[in-house]
Amino acid sequence: MINKFVSTLNEAMEDLENGATVLLAGFGPGTPEHLVQGLIASGVRDLTLVANAGGRDDGPIAELLATERVRKIICSFVRPASVAARLFTAGKLELEIVPQGTLAERIRAAGAGIQAFYTPTAADTLLAEGRETRVINGRNCLLEYPIHGDVALIDAWQADRWGNLTHKDSARNFNPIMAMAAKRTIVQTSHVVELGELPPAHIHTPGVFVQRVLHVPA
Amino acid sequence: MINKFVSTLNEAMEDLENGATVLLAGFGPGTPEHLVQGLIASGVRDLTLVANAGGRDDGPIAELLATERVRKIICSFVRPASVAARLFTAGKLELEIVPQGTLAERIRAAGAGIQAFYTPTAADTLLAEGRETRVINGRNCLLEYPIHGDVALIDAWQADRWGNLTHKDSARNFNPIMAMAAKRTIVQTSHVVELGELPPAHIHTPGVFVQRVLHVPA
Amino acid sequence: MSDTAFKPLDRNGIAARIARDIPEGWFVNLGIGIPTGVSDFVPEGREVIFHAENGVIGIGPAPAPDQVNPHLVNAGVTPITLRTGGAYMHHADSFAIARGGHLDLCVLGAFEVAENGDIANWARSPNEPVKQVGGAMDLAVGAQRLWVAMEHNTKGNGESRIRRVCSYPLTAKGVVRRVYTDLAVLDVTPDGFVVLDMIPGLTFEALQARTEAPLRRMPG
Amino acid sequence: MSDTAFKPLDRNGIAARIARDIPEGWFVNLGIGIPTGVSDFVPEGREVIFHAENGVIGIGPAPAPDQVNPHLVNAGVTPITLRTGGAYMHHADSFAIARGGHLDLCVLGAFEVAENGDIANWARSPNEPVKQVGGAMDLAVGAQRLWVAMEHNTKGNGESRIRRVCSYPLTAKGVVRRVYTDLAVLDVTPDGFVVLDMIPGLTFEALQARTEAPLRRMPG
């Protein structure tokens, strides 16, 4: 019987490796905060973190960055008052800024087996400097590559033992696409449901993308 | 008040133009057969038809092709015993064969603003002859371009006046992505629901992709 | 020119002026800052559908403080409500709407707009650590039309944000169609900025005096 | 060699042989033809999750004739059921599963397989009007592993479908990991075909005699 549930945070975070690329979902809501605590506790280092934003002075991303175990962050946004901005200024954090839509699309591309794509987004900006562009149908486009994760940390509202997930309201955000894009997708879910309880037409992330699920009651 | 419902098939098919590219959804179930009848009745010609398969000897696609108003078909599959195969053999139909996954992805790319993408699918086959390829991470990849429609013909299970749709079971297939990829998306729906009746987390095709909806009770 | 002859719009005034020009049925994304306020000024009965790039289409009015849904925010991570008929989707689907040309309009804030439609709104220098790109580059090239909402002049030394050429790093090239400021509404045309509207009491000459780029009167 | 010394598997026999080798928990896509039958031979209690590229994950057993759901078919447009825990999705999401490396296994039929893992299964000549590509090219390059199910020899003149080089147009290059025929199970290795298993009564020499490509015995 397939059963992707694990009982403890330690079990959920087992076998994390130094140097891993970690996809961290969330846009405000939808951030798997408990799993981030597990990542911090695991002690792994030299990480590449992929998240929408570099976080603030507090909150899960700031806490993770403050450990200085993240070598590089790939995100769309760094706030002036943030751990990320200070570490970057101090030369302790590499930064790759990616427009938010391109970030989402590069993550999806990894999950969907797309090897590269052309987008007009950012083609005429500083972010395109030194990179490959091409004019397609009269529009200047930038060549973008997929972002694969070794691990994805995912938040869910409901989960069953096959790893089928739903996400609540706008807490969905990066969760379904990051779940697709990692070798190992680890989920924290607010609710556990029986197999078959989620209507098959309304599953937001099918279990094929999920490896481990931890129940973390809200 | 936004109201995308039209009352008649004629109204649904208004302003179709000769030479249009028509995206026709369906994979068995999910084919908007009533709208295909409308397309035939409209008399438009010189069409490019984009559909998963070239159809059989009967059924909506065969009927449409038999009018000889389709200049070219873009599809993943042509059956031996079919109107499409005979028209092609007789030199009366251009044929572009696209692997089914690449077809789906090219349609989605059109809807998502992706200008081109690289995929390993078909890169080492006859379908790649004379086309641009590139080795990415050791894999030979083929450059593919989006397929935009002037019109998409879409089947839905439920629709509201904003054009929010659900699709039934595997009748979903190409419907959501073709709805994204056309300038004008025309829907036939089995059921009409009040705005707000479809749960916001369970809408398969949001109304932003839909222009006209015709109620065609099943 | 006398500064007492006219009263610049406040941020809400700019937002309200923009709301006037949005017809029923448009799908609209509002950037952070002045643009966020636009939806408050669309009359109740006019159905305009607002999109947030974090996966919401059909944003409703702000919730009462005791009605906040912790799972529902806009692209500024501010609590919102969903309007009847709205829908949720994931980030890639949401940006497919933005990048695929499905939004009739996006309204962004900016540091500067140039007469060729260039927009700069994410960084004041290439080297600063703060890079507030977010979804602006995607929206700027993806929406059917881009309007900018901003103050006409900088707060500090009153420099013009309406420029011949942007001095800050670009968000996108040649995409702005119209600019709404506290002083005027300007269309970006092949011949440069054309003044569509000015606040009461302001003269064309007084507006030009506050504007680095050359302005043209509405033809006819 | 005597043809009476062994009895080739029928199509169900090949399907059953494949089913034996699929462990619990795998996500599997079955092509049209012999592969479609594989799911019937997976024991009830073993959870293997079958995917259809038209947007179904978790295919259940065939419906009784009076239980057919007209909205639910597999990639062969044949009525199916959905298993408890299954899900529906659209075509691009479904092919994201197939092309993104999320399937543990795909089983396809073929005209020919070559010793370097090339597969030909969509056309018998470049010029014929019938082009039955479907999703095979996507699945062949996208799945974690590709197995082929086919008759060892052609029906007409008994030619070997297991070849040094494919003579028909390729579906994909170098992707087949294993071939299940009515006579044997062959692994594709850097050293060519290795015989994993043969039907009872068949000798290695008799199998080689029916096979154009050179075969190797299992090492050890």
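Keep in mind that this is a model prediction, so the values were computed, not measured. A note on names: the letters A, B, ... follow the listed sequences, proteins ahead of strands, and every chain is numbered from 1.
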Which of B/I2, B/N164, B/I203 touches chain C most, by non-hydrogen pairs under 4.5 Å: B/I2

Toward chain B, the part of C/R83 with a non-hydrogen atom under 4.5 Å: side chain

Option in B/P146, B/G111, B/A110 with maximal non-hydrogen atom pairs under 4.5 Å from chain C: B/G111

B/E94 atom CD, neighbour heavy-atom count above 12 within 6.0 Å: yes

Contacting moiety of B/L198, where chain C heavy atoms sit under 4.5 Å: neither

Considering all heavy atoms, the nearest C/I97-B/F209 contact: CG1-CZ, 3.5 Å

Chain B contact via C/A98 - side chain, backbone, both or neither, heavy atoms under 4.5 Å: neither

For C/I57 against B/P206, the heavy-atom pair lying closest together: CG2-CB, 4.4 Å

Donor-acceptor under 3.5 Å (B/D160 side chain, C/G85 main chain): no

C/A96 to B/A112 - nearest heavy-atom pair and separation: CB-CB, 3.7 Å

Pairs of heavy atoms under 4.5 Å with chain B: top-ranked of C/M89, C/R99, C/H102: C/H102

Atom pair OG1/CG of B/T205 and C/D93 - distance to nearest 0.5 Å: 10.0 Å

Heavy-atom neighbours of C/R216 CZ exceed 12 at 6.0 Å: no

